[in-house]
Amino acid sequence: MSKKIPSKDLHYNLNVWINKTLSIPDSIFNNLPPCPYAKKAWMEDKVEIHAFDSWVDAYSCLVTKQWDFTNLEVGIIAFPKDDITSNQLSNMLDALQNTWPRNDLAVLEDHPDELEQVDGFKLNFGKCCLLLIQPRSKLHEARAYLETKDYYKNWSQEYKKAVQSR
């Protein structure tokens, strides 16, 4: 069941993650925040959150919703980790990227059981699974800019390739 307005706990936990983890500059990212754009999008209310009770409902929203990024920076779909492993989630999204007609959108996953880190800095949300939907063109633009700032200097080539391949 979709909860267009997420629970207060989910909203609170996302707020804490964005403001206390993703938005604090760190030397690992060449003194940039781990996610330099998250706080601005969050503060400007350009994040749309959908919370679901299952992976099936979350996936249905992902593929059927008419995502409109005119006034939006990122769509977040949240769901419990109980009915999908991190490998299953990655495989499902890989398959989707090959068949989904929305190749203008990138879908990044965050599963609590899949440790996402750069040089020991943990990036995971950790409370539940997240799908982060963004326009691919904006991601490419941001990544190109961050390359010029030496942002990726501590990323392993494998992790960088995995993140940037979506």
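For this chain, numbers begin at 1 and follow the sequence in order. Since the structure is predicted, the reported quantities are computational estimates derived from the model, not experimental observations.
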* Using the side-chain contact (heavy atoms from CB on, under 4.5 Å) rule, take Glu109 and Cys129 through it: C-alpha gap first, then chi angles, then the decisive distance, then the call. => CA-CA 7 Å; Glu109 80 265 18; Cys129 295; over 6 Å; no
Residues Val107, Gln97; criterion side-chain contact (heavy atoms from CB on, under 4.5 Å); working and verdict: CA-CA 8 Å; Val107 182; Gln97 293 294 106; 4.1 Å; yes
In short, salt bridge (charged side-chain N to carboxylate O under 4.0 Å, His left out) pairs touching residues 81-90 with sequence neighbours left out are Lys81-Asp113
_Do Tyr159 and Gln117 pair up side chain to side chain, a donor and an acceptor below 3.5 Å, judged on atom types alone?_
no
**OP:** May I ask you to check whether Asn87 and Asn91 show a side-chain donor-acceptor distance below 3.5 Å?
**Re:** no
Quiz item: Any link between Val118 and Ile24 through a network of hydrophobic side chains (Ile, Leu, Val, Met, Phe, Trp, Tyr) touching at under 4.5 Å?
Solution: no
Open item on the list: With clusters defined by side-chain heavy atoms of hydrophobic residues (ILVMFWY) lying less than 4.5 Å apart, directly or transitively, does Leu32 cluster with Tyr145?
Closed with: yes
Looking at [X], I want to see if its [atom1] is surrounded by more than 12 non-hydrogen atoms of other residues, nucleotides or ligands under 6.0 Å.
X      : atom1 : value
Lys40  : NZ    : no
Asn71  : CG    : no
Glu44  : CD    : yes
Glu141 : CD    : no
Asp45  : CG    : no

About how many Å separate [atom2] of [Y] and [atom1] of [X], when rounded to the nearest 0.5 Å?
X      : Y      : atom1 : atom2 : result
Asn31  : Tyr151 : CG    : OH    : 12.5 Å
Gln134 : His140 : CD    : NE2   : 11.5 Å
Thr85  : Met92  : OG1   : CE    : 11.0 Å
Gln164 : Glu147 : CD    : CD    : 6.0 Å
Phe52  : Cys128 : CZ    : SG    : 12.0 Å
Ile76  : His11  : CD1   : NE2   : 9.0 Å

Is there a side-chain contact (heavy atoms from CB on, under 4.5 Å) between Leu96 and Leu62? Walk through the geometry before answering.
CA-CA 10 Å; Leu96 174 67; Leu62 173 65; 3.5 Å; yes
Got a donor-acceptor contact below 3.5 angstrom from the Asp110 side chain to the Leu130 backbone? no
Q) Counting only N and O atoms by type, is there a donor-acceptor contact under 3.5 Å from the side chain of Asn124 to the main-chain atoms of His111? A) yes
Show the nearest heavy-atom pair for residues [X] and [Y], with the distance to one decimal.
X      : Y      : answer
Asn154 : Ile28  : ND2-O, 2.8 Å
Arg136 : Leu105 : NH2-O, 3.0 Å
Lys127 : Pro112 : C-CG, 4.5 Å

Check against side-chain contact (heavy atoms from CB on, under 4.5 Å), Ile77 and Tyr59: CA-CA 9 Å; Ile77 296 176; Tyr59 187 80; over 6 Å; no
Inset, instruction - Find out whether Leu131 and Leu93 are in side-chain contact, i.e. whether some heavy atom of one side chain is under 4.5 Å from a heavy atom of the other. - result: yes
query: Does Lys122 reach the side chain of Leu115, with side-chain heavy atoms less than 4.5 Å apart?
result: yes
Step-by-step side chain to side chain donor-acceptor pair (under 3.5 Å) determination, Asp9 to Asn13: CA-CA 6 Å; Asp9 286 345; Asn13 287 323; 5.8 Å; no
The complete set of ring pair (Phe, Tyr, Trp, His ring centres under 6.0 Å) pairs with one or both residues in residues 65-110, sequence neighbours excluded, reads His50-Trp67, Trp55-Phe79
